[in-house]
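Indexing begins at 1, ligand by ligand and atom by atom, following the structure's order. Just so it is clear, the structure is predicted and the values come from calculations on it, not from any experiment.
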Amino acid sequence: MSPKICKMLDTILNHRSIRNYKNDPVSQPVLDEILMAGIRASTTGNMQVYSIIVTSDPIQKEKLWEVHFKQNMVLQSPLILTFCADFHRFNSWCRQRRADPGYNNFLSFFTAAIDALLVAQNCALAAEANGLGICYLGTTTYNADKIIEILQLPESVVPITTLVLGYPADNPELTDRLPAEAVVHLEKYRDYKANDIDRLYAEKESLPLTSRLLEENGLETLAQIFTERRYTRKDNEFFSGKFLEVIRKQGFMDS
Ligand SMILES: Cc1cc2nc3c(=O)[nH]c(=O)nc-3n(C[C@H](O)[C@H](O)[C@H](O)COP(=O)(O)O)c2cc1C
């Protein structure tokens, strides 16, 4: 394996989310390289139906911190990248060139969201290859309406995900993953029997972190931590409704 590929895999296989950052700024050449790596990602029909909003201004950061559920790392990290599904620019180009854009529908929203996510992950890897740490913020979709206001996103633009970036102030352990056989299917989907589920989740369930979480939360199983604490039905239904409304308001459900 070439040293370049070896380094790339090393970056990928050593990924861990960083939630504590040093004060050090990210230099413009490093940021430019991260953004270029994002822009090099595959993109549907080479349309590039995404935008990246770069935030480093402390006032803007504080506004974003509020709507990202006050997660500390938003204030701590020097740089925040918000990745948006964006048909606004493409629609403008079409109209200026006597072309009638038919992109005010859910399929186009989903297409642009896929584009935005591919860009985000390329940026994440480029950042990590430069010695930076990253963490995604799922709170982007929860409070997309407020992020639209803060970042002044026009019609046909919806924030999809956010990365905080900076030099790591800690080096957490690698987190666990399910074994490959849990997520890879050969030729056809092979459904899971009860004993497959038991086997595939056994390692995760026996981690010291799991015992700690169960004790702290007074719950019986790790699955209940997800359903009763982290991602509850009530929250999921509430934020689903809110996000659907955002997609509609931004003009992606008109046809
Ligand atoms: C779309 C997405 C949203 C996430 N949102 C958050 C978040 O809001 N806060 C947080 O601390 N971590 C967030 N994470 C990080 C995950 O919790 C983390 O990737 C996962 O626990 C695995 O840990 P690792 O990245 O260190 O391997 C998010 C990850 C993804 C992919």
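For Ala124, the side-chain contact (heavy atoms from CB on, under 4.5 Å) partners are Gln121, Ile134, Tyr136, Leu163, not counting sequence neighbours.
A donor-acceptor contact shorter than 3.5 Å links the side chain of Arg16 to the backbone of Asn14.
Between Glu216 and Arg212, at least one side-chain N (NZ, or NE/NH1/NH2) sits under 4.0 Å from a carboxylate O, which counts as a salt bridge.
Near ligand 1, residues His15, Arg16, Ser17, Arg19, Gln71, Met73, Cys135, Tyr136, Leu137, Gly138, Thr175, Arg177 each place a heavy atom inside the 4.0 Å sphere around the ligand atoms.
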Atom pairs and distances, side-chain donor-acceptor, residues 140-150, under 3.5 Å, sequence neighbours left out:
| from | atom 1 | to | atom 2 | distance (Å) |
| --- | --- | --- | --- | --- |
| Thr140 | OG1 | Leu137 | O | 2.8 |
| Thr140 | OG1 | Thr162 | N | 3.3 |
| Thr140 | OG1 | Thr162 | OG1 | 2.7 |
| Thr141 | OG1 | Gly138 | O | 3.1 |
| Asn143 | OD1 | Lys242 | NZ | 2.7 |
| Asn143 | ND2 | Val67 | O | 2.8 |

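Here Leu107 is tied to no hydrophobic group at all, with no ILVMFWY side chain closer than 4.5 Å.
Using the six-membered ring where Trp is involved, Tyr103 and Phe87 have ring planes that are parallel, under 30° apart on the 30 and 60° scheme.
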